[in-house]
Each structure stands twice: as structure tokens, then as C-alpha cells.
Number of protein chains: 2
Amino acid sequence: MDRRQRKTRKAIYQAFEDLVSEKPYAQVTVAQIIDRADIGRSTFYEHFETKDELLNDMCTEMFDHIFAGVNSHCVTHRALQTGDLEGRLAHLLYHLRDTYDGICGKLLKEGEPVFTSYFRQRLAELIEENPPHIPGDMPHDLALDLFVSAFVETVVWWFSHGLKADPQDLASWFMRMLGQPSSHVVKAIAE
Amino acid sequence: MDRRQRKTRKAIYQAFEDLVSEKPYAQVTVAQIIDRADIGRSTFYEHFETKDELLNDMCTEMFDHIFAGVNSHCVTHRALQTGDLEGRLAHLLYHLRDTYDGICGKLLKEGEPVFTSYFRQRLAELIEENPPHIPGDMPHDLALDLFVSAFVETVVWWFSHGLKADPQDLASWFMRMLGQPSSHVVKAIAE
DNA sequence: GTTTATACCGGATACAGTGTTCGATAACTA
DNA sequence: TAGTTATCGAACACTGTATCCGGTATAAAC
């Protein structure tokens, strides 16, 4: 790829990230992105058809990055066994916190449709790979939806409280709230 | 109130409801509302400042109507005891189904911010008036948020499946999913 | 270093939607 | 009947999107 293209793309991404962290996605205009990235109007449209496509591309990149590590062993956090949903969710929370300056939480909180549907999709896959216990008479897809939306809400709550709570505590709360066993013991006072 | 005003307001509401049931709220334009209601452009703006204010007014009216009955005795459904969250939620589901041609479910599904925040607000109040059991070490506001979003998701699921499931079954599933006791027994096969 | 390709620029333009203004007309009220 | 008020609709200003196109700068190929 041409160096100029790389440079332009990078400038657009950076400007976009900055703007999204400053104001709601819906209020970010193409004109602002162009201004911030310091590029010509037509140049933007040679890279992306619309603002939504830019977000779309960004989501793909973000989620590939974030979820790539969740199912693999990670040195900084603890090892995982297959079926350990709680561990994987905690792991995911670490990645969400450490990446993209919390714009994930922001986009979720805004209920931005593109981002939210990507996240829900990936979450659903993660949960299905590590299936929790579900009462027999309950529709399986409903249970899955409830797990997904409850976890999304957990992340939103976390973000709204400045990402202060410990990811493992959060994952444990989430699991127990959904009637699942949790191996983690939440300490009353942080030490 | 002038008969002309009443007539205009009614026409706007009707056109708006129709349009929202036909397409996503975001894609409904003021021009379309005016067209459908068969009124002049400036007339619309003499009644509502923006499209969002129209939705806002409509939400107030809808929720006052829907939630008014939920906390009172209702002849068509079963009697309620204080603290019977499951009963009240089932009751709420009946009202949601029987009112406004399912546009409530539609707006929720779209994640329309104004409508959703109204609904969540009312739901939170309902839940706080009939508090469920929450593990001691869990942040109370997080638990409340999880209850709210899980119930919203339940309604969305219900709507997406054509409102076919029985409200009491739905409420029971919801309660048990959140680790709450449920008095209702879901019948495997409808009779 | 010259050639060739192509990415970028930016002004012009078409378009869709919002919200306001205002004088004329029709409908209501006292 | 006289006075008030709602409605109408065309015109206008404004914001934002997306495209077009000739001119310029930069990178890659030889």
C-alpha cells in the first residue's frame, strides 16, 4: 500500500478516535473528521463511502484485536480452562479497559448500533463456546440474549463508574447475578 | 382547547404512529409526518419544536397510560400482592402487548434513546418498589441496571418472536434467570 | 533521472432534511 | 357580527452529505 494512503488512513482513524472520545458519535460530522485529520474532502470519500463505514472498519479492527487474546493464554492475567466463562469475561474486561482509551465503553453507553451489534455478536460467540447452565424449559436463544445484554450493561455500568471496579469482581458479580457458580471471591475492602 | 388544535394534534399523532410502525424512527422525517397528517409545515412546528419533542410527548402519554394500571388491581389479570415483582412484570407485558400495536417493542428493539430511557426509568421505579433479592457484596445500582436491561431484552426478544410467548411464562423465565424465586409453573405444551 | 501511475487537493455542485418567517385565509368564540 | 386564533403554504436560511473534476504533488518503476 502506498505510503500516502497509509498516512491518510492513519490520520483519519486518529481524528475519528479523538472526536468520538470528545462527543457522541452521532454528533461527529465528516467535515470535522476532515478538519482534524487535515485532509481534503474528496480524499476522505476515496477511503470510506460514509461515516458509518469508517466506524464499521474500525470495529472490525478493534474486535479482532480485543477478542484475539481472550480465547488464548495471556501472561499478564491468569491461565484459562475451556468452559471457564467467568475467566474469559474477566479477561475481556481487562482488554476493554486497556485498549482505545475507553471509547468502547463510550460507544456502548451511547447505544451506537454498529458498535453494539458487533460487540453483541462477539459476546454471543464467546458465551456459546463456554455455555453456562440454563434451566431446561427456557428458550435457549432468550437465555443467550439475556446473558449478552446483561454483560453489555455490566460494561456500561463499569464505564459510567470510571472503570474503577476490578474486572474479576465484575465478572463474578455478573455470573452470580445470572445464577451461575463463581469461583472468585470478592474482597470487601481492596488491599 | 380549540377543536382545530385537537384535530391537528390527533392527525400528527396518528401519522407519527403509522410511520414509526412502518419504518425505523430515525428514518421518519418531519416532511413525511406533515404529508401523512395532511397539514401545513408551519402548523407542525407550532405544535412541536422538533421530531424528538413529538416522540417525547408521545412517550409521556404512553407510559402514563401503561404504567398506571400495573400497580393497581386489574380485573382481566390476576390480583397482585405488594412485593410481587413477577406478577407486576407479567401485568406490564400484557399492557405492552395490548397497546399501541407493538410500537413499544419496535422502538425498544431499535434502541431509540428517548423511548428506551423513559422505559428504563419506569422499570427501575417498578423494580425498586418490589425489590428482588440481591447478594450482599454486589453494588446495588449495578444489580438494578442488570434487572432493567435484562427485562428490556426480554421484551425485545418477545417482540422479535411476534409476541407469541405467554406473558406469565416470560416473567417467570426472567425471574429465574436472575436467580429469583418464581411461583409460576411454565407448562411444556400450551393447552 | 525520467517516466508513469495514482493519491491528494479543493472548489463547485446537487441533494435531503431542518427550522423560521410572514401574509393570506379559514375557523372558532364571545 | 366582530375579533381572535389556528392553519396554510411558499420562500428562505442553514447544516450536513456525497459526487465530480481538473490541477498538483508524490511515490514507484524503469
Side-chain angles (χ1 to χ4, degrees), chain A residues 1-61 103 106-107 110-115, chain B residues 1-61 103 106-107 110-115:
Chain A
M1 193 190 236
D2 198 311
R3 187 193 302 151
R4 290 169 295 178
Q5 283 186 69
R6 264 180 285 139
K7 206 171 149 192
T8 300
R9 238 186 156 72
K10 202 169 180 180
I12 292 176
Y13 269 110
Q14 190 58 52
F16 184 60
E17 271 185 54
D18 289 357
L19 286 165
V20 167
S21 73
E22 283 170 25
K23 61 183 86 176
Y25 170 76
Q27 284 176 30
V28 174
T29 68
V30 175
Q32 288 164 359
I33 298 171
I34 286 163
D35 233 47
R36 192 72 69 98
D38 197 25
I39 57 166
R41 177 155 195 81
S42 50
T43 306
F44 176 88
Y45 285 105
E46 268 160 30
H47 284 262
F48 304 98
E49 295 223 339
T50 63
K51 195 183 73 169
D52 267 25
E53 198 196 283
L54 168 57
L55 177 60
N56 220 67
D57 280 22
M58 200 190 196
C59 285
T60 308
E61 194 189 276
I103 82 169
K106 193 153 182 299
L107 288 169
E110 288 169 20
E112 199 296 310
V114 173
F115 182 89
Chain B
M1 193 189 233
D2 199 311
R3 187 193 302 153
R4 289 170 296 179
Q5 282 186 66
R6 264 180 284 138
K7 206 171 147 192
T8 300
R9 240 187 155 70
K10 201 169 180 180
I12 292 176
Y13 269 110
Q14 190 58 54
F16 184 59
E17 272 185 53
D18 289 357
L19 286 165
V20 167
S21 73
E22 283 171 23
K23 62 182 85 176
Y25 170 77
Q27 284 175 31
V28 174
T29 67
V30 175
Q32 289 165 358
I33 298 171
I34 287 163
D35 234 46
R36 192 71 69 98
D38 197 25
I39 57 164
R41 181 161 192 78
S42 52
T43 306
F44 176 87
Y45 285 104
E46 268 160 31
H47 284 262
F48 304 98
E49 295 223 337
T50 64
K51 194 182 75 170
D52 267 25
E53 198 196 283
L54 168 56
L55 176 61
N56 219 67
D57 280 21
M58 201 191 197
C59 285
T60 309
E61 194 189 276
I103 83 170
K106 192 153 183 299
L107 288 169
E110 287 169 20
E112 200 295 312
V114 174
F115 183 90

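Proteins get letters first, then strands, A, B, ... in listed order; numbering begins at 1 in each. On a predicted model such as this, the values are computed, not experimentally measured, just so you know. FYI, side chains are in, hydrogens and waters are out, and symmetry mates aren't considered; it's all heavy atoms of this structure.
At C:dA7, none of the side-chain N or O atoms of A:His47 fall inside 4.0 Å of OP1 or OP2 (strictly under the cut-off). Of the side-chain N and O atoms in B:Tyr45, one or more sit less than 4.0 angstrom from OP1 or OP2 of C:dG19.
Mapping B:Met1 and B:Val28 onto DNA chain C by nearest heavy atom places B:Val28 at the nucleotide closer to the 5' end.
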Any protein N or O atoms within reach of nucleotides 26-28 of chain C? Criterion: under 3.5 Å, listing atom names and distances.
| residue | atom | partner | partner atom | Å |
| --- | --- | --- | --- | --- |
| C:dA27 | N3 | B:Arg4 | NH1 | 3.2 |
| C:dC28 | OP1 | B:Arg3 | NH1 | 3.2 |

What's touching nucleotides 10-13 of chain C from the protein side, N or O pairs under 3.5 Å?
| residue | atom | partner | partner atom | Å |
| --- | --- | --- | --- | --- |
| C:dG10 | N7 | A:Ser42 | OG | 3.1 |
| C:dG10 | O6 | A:Ser42 | OG | 2.3 |

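A search for side-chain hydrogen bond (donor to acceptor under 3.5 Å, both in side chains) contacts involving B:Glu110 returns B:Lys106, not counting sequence neighbours. Taking the salt bridge (charged side-chain N to carboxylate O under 4.0 Å, His left out) definition, one finds that B:Asp35 meets it with nothing, sequence neighbours left out. For B:Glu22, the salt bridge (charged side-chain N to carboxylate O under 4.0 Å, His left out) test picks out B:Arg36, with sequence neighbours left out. Under the side-chain contact (heavy atoms from CB on, under 4.5 Å) criterion, B:Arg6 pairs with B:Met1, B:Arg3, not counting sequence neighbours. Partners of A:Arg41 under the salt bridge (charged side-chain N to carboxylate O under 4.0 Å, His left out) rule, at least two apart in sequence or in another chain, do not exist in this structure. Scanning for side-chain hydrogen bond (donor to acceptor under 3.5 Å, both in side chains) contacts around A:Asp52 gives A:Tyr25, with sequence neighbours left out. Shown here are the side-chain hydrogen bond (donor to acceptor under 3.5 Å, both in side chains) partners of B:Ser42, two or more places apart in sequence or in another chain: there are none. The side-chain hydrogen bond (donor to acceptor under 3.5 Å, both in side chains) search around A:Gln5 returns none, not counting sequence neighbours.
Between the side chain of B:Gln27 and the backbone N or O of B:Pro24 there is no donor-acceptor pair closer than 3.5 Å.
A straight line from CG of A:Asp35 to P of D:dT15 spans 15 Å, rounded to a whole angstrom. One interatomic measurement links the two molecules: CZ of B:Phe44 to P of D:dA6, which rounds to 17 Å at whole-angstrom precision. Between the CZ atom of B:Phe48 and the C1' atom of C:dT18 there is a distance of 17 Å, rounded to whole Å. Separating the CD atom of A:Glu49 from the P atom of D:dC20 is a distance of 11 Å, rounded to the nearest angstrom. The separation between B:Gln5 atom CD and D:dT7 atom C1' is 10 Å, rounded to whole Å. In this structure, B:Ile33 atom CD1 and C:dG19 atom C1' are separated by 14 Å, rounded to whole Å. Rounded to whole angstrom, the span from the CG atom of B:Asp52 across to the P atom of C:dG17 amounts to 16 Å. The distance from atom CD1 of A:Ile34 to atom P of C:dC8 is 13 Å, rounded to the nearest whole Å.
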For this session: Show your working on side-chain contact (heavy atoms from CB on, under 4.5 Å) between A:Phe48 and A:Asn56 and close with a plain yes or no.
Result: CA-CA 10 Å; A:Phe48 304 98; A:Asn56 220 67; over 6 Å; no
For this session: For A:Glu112 and A:Val20, run side-chain contact (heavy atoms from CB on, under 4.5 Å): C-alpha distance rounded to whole Å, both residues' side-chain angles, the deciding distance at 0.1 Å, then the answer.
Result: CA-CA 11 Å; A:Glu112 199 296 310; A:Val20 167; over 6 Å; no
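Among the nucleotides D:dT19, C:dC8, C:dT20, the one closest to the side chain of A:Thr8 is C:dC8.
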Side-chain polar contacts of residues 11-18 of chain A - donor-acceptor pairs under 3.5 angstrom, sequence neighbours left out - could you list them?
| residue | atom | partner | partner atom | Å |
| --- | --- | --- | --- | --- |
| A:Gln14 | NE2 | A:Asp18 | OD1 | 3.1 |

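Summary for the helix from C:dT4-D:dA27 to C:dA30-D:dT1: the axes at its two ends, each from 5 pairs, differ by 20° when rounded to the nearest 10 degrees.
If you check every strand for non-hydrogen atoms under 4.0 Å, B:Asp38 touches sugar and phosphate atoms only.
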